Amino acid sequence: MNNSLLPIISIVCPCYNEEEALHSFISKIRSILAQTKYTYELLFINDGSTDKTLFVLNELSQNDPQMRVINLSRNFGKEAAMTAGLDHAKGEVIIPIDADLQDPPELIIDFLREWEKGFDVVLAKRIDRSCDTLRKKLSANLFYKFHNAIADVDIPNNVGDFRLITRKVVKAIQLLPENQRFMKGIFSWVGFKSSTIEYVRQPRSAGKSSFNSWSLWNFALQGITSFSTSPLRIWLYLGVMVSGLSFCYGSFIILKTLILGVTLPGYASLLTVILFLGGIQLIGLGVMGEYLGRLYMESKRRPIYIIDTDNSSENKKAPPQ
Ligand code: UDP
Ligand code: MG
């Protein structure tokens, strides 16, 4: 394709059961993009929705050269859907955004201003999470603290996937071939010159969140195990510590027996030590299992997502506005 025909901005929007949110999202984002001087494309990834999302997207994109739809063959999860979007976006700058208007499209204007100043990454930081439940706020806070304490690369606190990245950054992200993708970590890992804008997160415009406590827990586990091996290393130190303590305790018992002779009591302390050590070993095994499982899945080298080309408009050309 002729380079001059490529759009400047690619909006990448993963959608899972968003039929109710799409109309207002698209009209809102269009009105914002119309205020910029740049050409754009709207790239939607239907992540195996079970409602009419694909139908709505296809209908809206039919006569719209600026809008493209990629239809995944099933639900692969937001991280995979976003990866599909980054792989197929054609713009000079790429902006991943949720379809539920929780990421305010108005911020795109500020993103572009920062990009014009020469930043490769512009982050949107939530300064107020009052629309989230207390449990979500607390668990998110704990996750960021724990992750950043043990991972090699910090992920910025309260920054989601909504951001601006340049093509250079996308190319760097594409060098990371991992199958289980924790995008927040991947975005941070690649680095580049970044600027941060603060905003207040809104409640969902329509529909409901696809993430419950269990999926968030699994997401957190994936985040931590993807970017740190510290949980594996802890067992070395814990093992050394427990062995040291056991040695001291053993020496004490031997000495006591030598001095005072054989005494039978000790059932309670014995049982406590056995149970404690048994528990610790099981936790250690569990952590190792977690990593082994991820290694196993990763070793299969399966594709991150599959596109159902019949219902995708991925090859449709996207001429400028
Ligand atoms: N999403 C997706 N695949 C999924 C789950 C979610 O593409 O399996 C999309 C969803 O349509 C939305 C974005 O990811 O555009 C964020 O999802 P959601 O609003 O449910 O997450 P929350 O804002 O509650 O963290
Ligand atoms: Mg949301």
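Indexing begins at 1, ligand by ligand and atom by atom, following the structure's order. In this text the structure is predicted, and so the values were computed from the model without any measurement.
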- Note on the structure: Closest to atom 1 (N) of ligand 1 among protein heavy atoms sits Tyr16 CB, 3.7 Å
- Give a yes or no on whether Asp100 keeps an N, O or S atom under 2.8 Å from the Mg ion (ligand 2). yes
- Item | ligand 1 versus Asp98: contacting region, heavy-atom distance under 4.0 Å | both
- Query: Are any of the side-chain nitrogens in Asp308 or Arg74 under 4.0 Å away from the carboxylate oxygens of its partner?
  - Reply: no
- Which of these passes side chain to side chain donor-acceptor pair (under 3.5 Å) with Asp47: Asn71, Asn75, Thr53? Asn75
- Relative to atom 19 (O) of ligand 1, which among Ile45, Thr53, Asp100 owns the nearest non-hydrogen atom? Asp100
- Task: For Phe55, look at atom CZ and say whether over 12 heavy atoms of other residues, nucleotides or ligands are found less than 6.0 Å away.
- Result: no
- Task: Using a strict cut-off of less than 4.0 Å between a Lys/Arg side-chain nitrogen and an Asp/Glu carboxylate oxygen, indicate whether Glu116 and Arg113 qualify as a salt bridge.
- Result: no
- Query: If we ignore angles and hydrogens, is there a donor and acceptor under 3.5 Å between the side chains of Thr50 and Asn17?
  - Reply: yes
- Message: Over 60° means perpendicular and under 30° means parallel, so tell me whether His147 and Phe182 are parallel, tilted or perpendicular.
- Response: tilted
- Task: Measure the distance from atom 23 (O) of ligand 1 to every protein heavy atom, then report the residue, atom name and distance (to 0.1 Å) of the closest one.
- Result: Gln102 OE1, 2.7 Å
- Going by an N to O cut-off under 4.0 Å, is there a salt bridge joining Arg68 and Glu41? yes
- Query: Is a side-chain N or O of Glu79 found less than 3.5 angstrom from the main chain of Met183, in a donor-acceptor match?
  - Reply: yes
- Task: List the closest protein heavy-atom neighbour of atom 20 (O) of ligand 1: residue, atom name, distance to the nearest 0.1 Å.
- Result: Ser210 N, 2.7 Å
- Can you pull out the closest protein heavy atom to atom 14 (O) of ligand 1? Residue, atom name and distance to 0.1 Å, please. Lys78 CD, 3.2 Å
- Where's the contact between Met82 and ligand 1, heavy-atom distance under 4.0 Å: side chain, backbone, both or neither? neither
- Closest approach of any protein heavy atom to atom 18 (P) of ligand 1, naming residue and atom: Arg204 NH2, 3.5 Å
- Closest approach of any protein heavy atom to atom 17 (O) of ligand 1, naming residue and atom: Phe211 CE1, 3.7 Å
- So which protein heavy atom does atom 25 (O) of ligand 1 come closest to, and at what separation? Lys136 NZ, 3.5 Å
- Query: Does Ser228 use its side chain to pair, donor to acceptor, with the backbone of Thr225 at less than 3.5 Å?
  - Reply: no
- Query: Which ligand 1 atoms does Cys15 reach within 4.0 Å, using its non-hydrogen atoms?
  - Reply: 7 (O), 11 (O)
- Item | Best match, Leu22, Leu72, Asn75, Asp161: closest heavy atom to atom 8 (O) of ligand 1 | Asn75
- Item | Min N/O separation Ala81 to ligand 1 under 3.5 Å | no
- Step by step, would you call Ile307 with Ser73 a side chain to side chain contact (heavy atoms under 4.5 Å, CB included)? CA-CA 5 Å; Ile307 294 175; Ser73 61; over 6 Å; no
- Query: Going by distance only, is there an N or O of Pro14 that falls short of 3.5 Å from an N or O of ligand 1?
  - Reply: yes
- Task: Using a strict 4.0 Å cut-off to heavy atoms of Asp47, name the atoms of ligand 1 that fall inside it.
- Result: 2 (C), 3 (N), 4 (C), 7 (O), 8 (O)
- Query: Would you call Lys28 and Glu106 a salt bridge, using N to O less than 4.0 angstrom?
  - Reply: yes
- What's the shortest distance from atom 22 (P) of ligand 1 to any protein heavy atom, and which residue and atom give it? Ser209 OG, 3.8 Å
- Note on the structure: So the atoms of ligand 1 within less than 4.0 Å of a heavy atom of Glu18 turn out to be 10 (C), 11 (O), 12 (C), 15 (O)
